Each structure stands twice: as structure tokens, then as C-alpha cells.
Amino acid sequence: MHEQTIKKKPIVAVAVVKYNAGNVYSVLHALHRLGVNPVLTDDAATLRGADRVIFPGQGEARNAMAYLRDHQLDSLIRSLQQPVLGVCIGQQLMCRHSEEGDVDCLGIFDAEVRRFMPQEHSQKVPHMGWNTLSECRGPLFEGLGEEEFVYFVHSYYVPLCTDTIATSDYIHPFSAAIHRDNFYATQFHPEKSGSVGERIIKNFLERT
Amino acid sequence: MLAKRIIPCLDVKDGQTVKGVNFENLRHAGDPVELGRMYSEKGADELVFLDITASHEGRKTFTTMVERVASTLSIPFTVGGGINELRDVDRLLSAGADKVSVNSAALRRPQLIDEITGRYGSQVCVVAIDARQEADEEWQCYVNGGRIPFGKSLLDWAREAADRGAGEILFTSMNHDGVKTGFANEALSLLASHLTIPVIASGGAGTKEHFRDAFTQGHADAALAASVFHFGEIDICDLKHYLSTEGVNVRL
């Protein structure tokens with residue numbers, strides 16, 4: 001089995017935030033392939049006690065924020081002290097505000113999430129598929145080459161900002177990943193990005 | 001720059017992959033999970049698994065296979081075949097699929113697209129269209145695996161599907177499927193010029209040049225094929241290097 005060839009000791013306790021935004025199975029599977037047995041939870045104590053927290057998701061910002069507020073997960077996520085990795089909508093929800101549903105978000109990153117505006121017909125929204133990373137810096141990207149491909153599916157993006165740690169280009173350059181203090185976030189789906197994505201998740205678990 | 005995608009399609013019946021020539025004469029081509037992993041390692045950008053089983057038992061087998069694929073592969077995959085209602089979508093996404101592909105059921109009840117995208121977002125909903133160019137040169141949609149003409153034109157239906165929130169259109173030309181003389185590039189180009197969502201070309205791949213033409217002439221965002229990959233006629237890794245030298249941006 002493939003799992004045996006890449007088996008790793010479960011070095012950390014990983015919690016995945018359980019909420020109403022979409023497909024979390026792929027994140028759980030990706031962690032399993034790395035030999036980690038994550039817990040999917042919305043329990044405050046479990047989330048606070050984990051070594052690493054992953055905040056994944058696909059979905060719509062306004063509904064997702066309403067759910068997080070109703071379940072007091074908004075203040076909880078903001079207060080986490082361990083390394084946290086937001087993925088896709090998770091990244092967008094960690095910003096100050098999103099144009100999607102004109103909603104105030106968690107405000108961990110001082111960024112405004114915007115919608116892609118096509119400049120010509122061939123520029124389709126959502127931005128869906130494999131695109132390259134540039135200007136990568138920090139522990140998430142250790143051991144990776146230049147211009148690695150990762151998998152994106154999104155209609156909204158985080159503009160370039162002081163927290164940007166990787167960029168990608170669709171219609172214009174945007175933040176492919178951001179970092180501030182203990183919070184990391186990627187717009188792309190590392191759990192769906194083949195061996196490159198696997199390395200990024202492994203780096204998050206072992207090098208942050 | 002966003003890469004053009006190469007997508008192997010695996011037709012699955014009773015846990016085994018099969019591929020029809022012009023939708024008939026099925027031949028075996030291995031275990032879908034093993035095949036999927038091999039394609040992923042060779043550089044496939046996504047995979048499509050189509051359930052061509054009709055029975056309830058077959059559905060359960062397919063769902064189990066989807067779970068195995070999800071736990072094994074680290075690239076996106078779409079599942080389709082026999083999706084008639086939102087409950088089928090719930091089952092397959094819960095098993096770990098990234099996207100679902102709807103075909104006949106969406107033509108018969110277009111509201112299904114609204115239901116899927118309303119619950120899960122546009123990105124999970126691929127609308128597959130089997131169409132044939134008739135003697136009068138018009139492209140007409142077919143249902144039931146390409147057996148019954150539905151009475152709607154390709155372009156009208158593709159536009160409606162996109163308006164209802166479909167994330168991608170997977171267009172199979174029945175004239176080209178299985179005959180390996182190239183994709184339906186004119187029709188693909190027409191779709192690309194009228195739609196603002198990605199179009200996946202399907203039906204007709206026989207050579208590497210055919211893939212290039214689907215991207216350069218058909219302006220497709222992705223190209224899907226089955227038998228040329230399953231029977232080793234085209235190696236995905238070779239294909240992507242070829243496309244790259246021809247100026248097509250692919251993930252290498």
C-alpha cells in the first residue's frame with residue numbers, strides 16, 4: 001500500500017475545525033496519508049489543546065461567518081495560540097472583510113477579500129485548476145522548487161499585502177498564501193495538490 | 001499561468017473500469033483505484049470516474065470505490081453516472097469526491113443544477129452533455145448514454161446550465177467519441193466563445209496532436225480521454241511534455 005511508503009509517526013495532535021463550509025474529507029484524508037490521525041471538531045477545549053489546527057473549507061463567506069458566530073468559533077479561532085492553517089475559504093474568513101456577501105470576517109489578516117473581475121472573455125471565474133506559485137518564503141515552502149503547481153478553486157482572492165508569503169497570477173497577481181504570527185493560510189488546496197501539497201502540509205506540521 | 005488540464009476518464013462497472021467504443025462493446029481495463037493512482041503519478045491533473053452500473057448493489061460498490069479513491073489520491077476527482085437527485089450528490093461528496101457530474105437527470109430536471117450549486121457551490125457541479133451533430137449540422141443533446149435525442153440544442157443547454165450555476169461543461173461529441181480522429185474543435189470553440197465557465201473536451205482523442213488542437217483550436221480548458229490512456233497508446237507524461245513544446249501551458 002502507498003500509505004506504508006510514506007508512513008510518518010503522528011508527531012502532533014491535529015484538530016480540523018468542524019463547521020458548515022463544505023468538503024473537509026480531503027483534508028482528513030491528506031493528513032491520514034501523512035500518518036496523522038486528525039480530530040474533526042468544533043469543541044473549544046479540543047481545538048485549544050491541539051498542537052496544530054487546520055481551518056479548511058469550501059463554501060460561501062456570509063453563511064460560513066454566521067455559523068462561526070453562532071457557535072462562538074469566531075472568537076475561539078482568533079484566540080488560538082498554536083500554528084493554525086486556513087485553506088481556501090478558511091483563508092478568506094481569516095481576513096478583515098469579504099466582498100462575498102459583504103461580510104465582516106475574523107480580522108486576523110488586515111486584508112479585504114475581493115472578487116475576480118475578468119478583463120477579457122477567456123478569463124473565467126472561478127479560477128479553477130493548477131497554477132504556479134511565485135515569491136514563496138517561510139517554512140511552509142521549504143524544500144520546494146520555483147514555480148511549483150498547486151490546485152486552486154475560487155472566485156474571490158486576497159490581494160497582495162504585507163502578509164503575503166506566496167503569490168500566484170490569474171487575471172492579476174494575488175496572494176496564494178499569507179502568514180502573520182501563528183496564523184498561516186493558503187488560497188490553494190494543498191490537500192489536492194499532489195506531492196507539492198503534501199510537502200506543504202508536512203511543513204506546516206513539522207516546521208511551524 | 002493557469003494550466004490546461006489532462007483528465008483520464010474511467011468508466012466503472014461492478015468495481016472494474018471499462019470503456020466503450022461509441023458507447024458499446026465494453027472492454028476491461030483494470031482496477032479503477034490502481035489505474036487512478038498510476039495516472040496521478042504520471043501527471044494527470046484530475047480524474048473522472050463514471051458509474052455505468054444500473055443496480056442498487058452496483059451503486060454501493062461504486063460509493064465504496066469513491067471512498068478508496070479519496071483516501072488514496074491527492075489530486076481532484078469528479079464522479080458521475082446515475083446522479084438523479086441531491087441525495088446522490090450528498091452520498092458521493094460524503095464519500096470524498098470533489099465534484100459530481102450530472103447528465104441526463106439535469107436535462108430532464110434542470111432544477112437539479114440549482115439544487116446542487118445552492119447547497120455545495122458551483123465548483124462541485126460539472127454538467128456533462130452528450131451531443132451529436134445531425135445531418136442539418138445542428139448539435140443536439142442526447143440522454144441515456146447517448147441513446148435518446150432530447151430535443152434541445154447543445155449551445156442552448158450549455159448556456160442554461162451555466163446560468164443555473166454549473167461550474168464546468170463536459171462536452172462529449174458522439175460523432176467523435178471512440179473513433180480517434182480528433183475532438184470536435186469547432187463545437188468546442190463555439191462553446192468557449194459563448195460560456196464564461198470552463199469547458200472540458202471529450203470524445204475523439206487518438207493522437208497527441210488531437211489534444212493540442214482541442215486547446216489551440218477548440219479553446220478547451222481541459223481535455224478528457226479514456227481508451228488512449230487505458231491501453232497505453234498515449235502516455236500522459238509524454239503527452240504533457242509534447243503539449244509544453246507546442247506552447248500549451250501544462251503542469252509538468
Side-chain angles (χ1 to χ4, degrees), chain A residues 1-3 6 20-34 57-60 63-64 88-89 100 116 118 120-132 134 147-155 168-171 189-201, chain B residues 1-7 33-34 37-38 40-46 66-77 92-100 117-124 126 162 165 167-169 192-200 219 221-222 240 249-252:
Chain A
M1 288 295 287
H2 188 55
E3 284 84 341
I6 57 163
N20 66 335
N23 186 349
V24 297
Y25 302 101
S26 51
V27 167
L28 299 178
H29 284 308
L31 290 165
H32 283 299
R33 284 193 294 272
L34 288 168
Q58 286 176 351
E60 193 275 325
N63 286 328
C88 195
I89 189 80
E100 186 179 27
F116 279 123
E120 51 190 80
H121 181 77
S122 63
Q123 294 168 335
K124 294 163 180 178
V125 176
H127 171 221
M128 181 187 296
W130 297 82
N131 205 334
T132 46
S134 298
E147 305 289 308
E148 298 277 15
F149 277 96
V150 289
Y151 188 78
F152 290 89
V153 185
H154 61 125
S155 300
S168 191
D169 194 336
Y170 188 66
I171 303 176
H189 288 272
E191 76 280 12
K192 283 286 156 188
S193 297
S195 57
V196 172
E198 221 154 65
R199 179 62 194 250
I200 291 169
I201 296 172
Chain B
M1 194 162 69
L2 185 63
K4 300 290 189 183
R5 289 170 280 157
I6 298 296
I7 308 177
V33 181
E34 283 304 306
R37 180 195 295 171
M38 184 195 74
S40 170
E41 285 165 2
K42 282 185 177 292
D45 297 303
E46 290 184 38
V66 171
E67 287 168 357
R68 284 175 61 214
V69 172
S71 65
T72 306
L73 291 186
S74 56
I75 60 169
F77 70 100
L92 292 164
L93 293 182
S94 299
D98 297 291
K99 310 178 193 179
V100 293
T117 60
R119 181 175 297 186
Y120 296 106
S122 286
Q123 78 286 344
V124 307
V126 180
E168 290 175 284
I169 298 292
S193 68
H194 282 89
L195 300 177
T196 58
I197 57 174
V199 175
I200 305 167
H219 306 289
D221 297 281
K240 293 181 85 175
N249 184 43
V250 289
R251 176 179 70 113
L252 289 175

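The model shown is predicted, which means the values in this text are computed figures rather than measured ones.
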Return the CG to CG distance between N131(A) and N249(B), rounded to the nearest 0.5 Å.
8.0 Å
If the condition is salt bridge (charged side-chain N to carboxylate O under 4.0 Å, His left out), which residues does E100(A) pass it with, not counting sequence neighbours?
none
Looking at R5(B) and G129(A), what are the two nearest heavy atoms and their distance?
CD-CA, 4.3 Å
With a 4.5 Å cut-off on side-chain heavy atoms, are H121(A) and H219(B) touching?
no
Check whether V124(B) gets within reach of chain A through its side chain, its backbone, both or neither, counting any heavy atom under 4.5 Å.
side chain
Please report the closest heavy-atom contact between F149(A) and A3(B), naming both atoms and the distance.
CE2-CB, 3.7 Å
Separation between CD (E67(B)) and NE2 (H29(A)), nearest 0.5 Å, reads 7.5 Å
If I take atom CD from residue E191(A) and atom OG from residue S74(B), how far apart are they, to the nearest 0.5 angstrom?
10.0 Å
Looking at residues at least two apart in the chain, or sitting in another chain, which of them share a salt bridge (charged side-chain N to carboxylate O under 4.0 Å, His left out) with R199(A)?
none
Measure the CD-CZ distance between E148(A) and R251(B) for me, rounded to the nearest 0.5 Å.
10.5 Å
What is the minimum heavy-atom distance between K124(A) and L195(B), and which atoms define it?
CE-O, 4.0 Å
Any idea which of G194(A), P118(A), S193(A), S195(A) has the most non-hydrogen atom pairs under 4.5 angstrom with chain B?
G194(A)
Taking side chain as everything from C-beta outward and backbone as N, CA, C, O, which of these in T196(B) sits under 4.5 Å from a heavy atom of chain A? Side chain, backbone, both or neither.
both
d(Q123(A) CD, L2(B) CG) to nearest 0.5 Å is 10.5 Å
Exercise: identify the closest heavy-atom pair between W130(A) and I75(B):
CZ2-CG2, 3.8 Å
So which heavy atom on L93(B) is nearest to which on Y25(A), and how close?
O-CD1, 3.7 Å
The interface call for H154(A) against chain B, heavy-atom contacts under 4.5 Å, is neither
Within the side chain of R33(A), is there an N or O that forms a donor-acceptor pair under 3.5 Å with the backbone of L73(B)?
yes
Turns out that what part of S193(B) lies under 4.5 Å from chain A's heavy atoms comes down to backbone
